[in-house]
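Scope of the values below: all heavy atoms of this structure, side chains included, with no hydrogens, waters or symmetry mates.
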Amino acid sequence: MANDASTVFDLVILGGGSGGYAAALRGAQLGLDVALIEKNKLGGTCLHNGCIPTKALLHAGEIADQARESEQFGIKATFDGIDMAGVHKYKDDVISGLYKGLQGLVASRKVTYIEGEGKLSSPTSVDVNGQRVQGRHVLLATGSVPKSLPGLEIDGDRIISSDHALTLDRVPKSAIVLGGGVIGVEFASAWKSFGTDVTIVEGLKHLVPVEDENSSKLLERAFRKRGINFSLGAFFEKAEYTNDGVKVTLANGKEFEAELLLVAIGRGPVSQGLGYEEQGVAMDRGYVLVDEYMQTNVPTISAVGDLVPTLQLAHVGFAEGMLVAERLAGLKTVPIDYDGVPRVTYCHPEVASVGITEAKAKEVYGADKVVALKYNLAGNGKSKILKTAGEIKLVQVKDGAVVGVHMVGDRMGEQVGEAQLIYNWEALPAEVAQLIHAHPTQNEAMGEAHLALAGKPLHSHD
């Protein structure tokens, strides 16, 4: 179809990652004629270099930890080491199965899929493979790549990005992780489970600094217990090769040496050289600027996913892509409340949250109008069975709705669904307290926390 100059699609999408393919699938479902252009593999970063492979590594690490610690459950097992080839086969099999399923979905919806490197050539067209693909509307969804710092060259040898870390053929003896955000703590957690001596360097005063401070402190305590080292509050200055590794120097003069340096300071948008600015699309530091309906300043162009300055999460990309498709199909759409998006960091223990932090709530509503309650997982039967520690923290507007749910503990990512409903439906603690939660489950801790906040605690002290 792309070779037929008379074909004008309803929607031409540049980028087949989470945001792009979600828009393609939803658009086709709603009767739009869709072309989807991707230079690499359908599924983008999340499927091939992000969410899925990192979580597979983390689960493999969890299995290693369980083997080491099996005797505390009365099980005699031996741990003989990590077979990285086997780990990669497991990881790649997961990716492969999902990739084939996604290809089948796109084909079944009759989306015109074009493999090649596209470039925006007008407000209504993308050039790819020497052909011009015309559309009534264009969606930019070109995603992101790992970032670095000025003077810090990621060479793929001793100084690596998350992309390189996902394909390492060995378990490094030691590693410095530059960045204590989601990517950094997840790799630090997985590597520690594999047997690596890990040090995280974070310039801000806490790990996972965008989370509630209580969650950060709980994670730091857990990491200390696991033997994961970290340096907080001093920024990176330089990195240099040593005889057998890398030396990192911080602004305060502290030095750290290790076999590898993983640069995990975040991801930047892929937007250079793609024709965006030439076509008049408003940009800021490489990001494409959009309104609450994901529309750019050019009426025929929208943008979603990591390319725009919203939360860099695959599920945010899904939602943004679907929003654009529904808007173009004439459906009534509602802007995304980004505070209401669930956020999970899949380290051990997991950190999960929905809504705003206690500090933000005090800023918005006033310190005297905010109530916070912490429910310790030590009082939760299933958590004790799993031998996980942590807390569920609720942030409430006094006599009003719960505006923040912040959780630390193994499997807390699986509890974030109910937390999302509580926040987004503006539930009162007494309303959640009326719901009966299954016993014994970790989900029960959510109910217990709301019982306590409603003034009728059961398995916790007044």
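A cation-pi arrangement is present between Arg158 and Tyr241 under the rule of less than 6.0 angstrom and at most 45 degrees off the ring axis.
Residues Glu414 and Gln442 have side chains not in contact (no heavy-atom distance under 4.5 Å, counting atoms from C-beta outward). The shortest side-chain heavy-atom distance between Leu313 and Arg343 falls under the 4.5 Å cut-off.
In this structure, the side chain of Thr45 does not engage the main chain of Asn49 through any donor-acceptor pair within 3.5 Å. For His348 (side chain) and Ser193 (main-chain N/O), no donor-acceptor pair under 3.5 Å exists by modelled atom type. Between the side chain of Glu391 and the backbone N or O of Leu377 there is no donor-acceptor pair closer than 3.5 Å.
Here the options are Lys393, Glu213, Glu363, the test is side chain to side chain contact (heavy atoms under 4.5 Å, CB included), and the partner is Glu358; only Lys393 passes. For the side chain to side chain contact (heavy atoms under 4.5 Å, CB included) with Trp191, the qualifying choice from Val171, Leu57, Asp197, Leu262 is Leu262, the only one to do so.
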Exercise for review: Could you walk me through whether Glu211 and Ser353 pass side chain to side chain donor-acceptor pair (under 3.5 Å), step by step?
Suggested key: CA-CA 8 Å; Glu211 294 290 342; Ser353 61; 2.7 Å; yes
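His59 and Tyr90 have tilted rings, their planes meeting at an angle from 30° to 60° on a 0 to 90° scale.
In summary, Glu115 and Lys41 do not engage in a salt bridge, as defined by a charged side-chain N under 4.0 Å from a carboxylate O.
With 3.5 Å as the limit, one finds no donor-acceptor pair spanning the side chains of His137 and Thr124.
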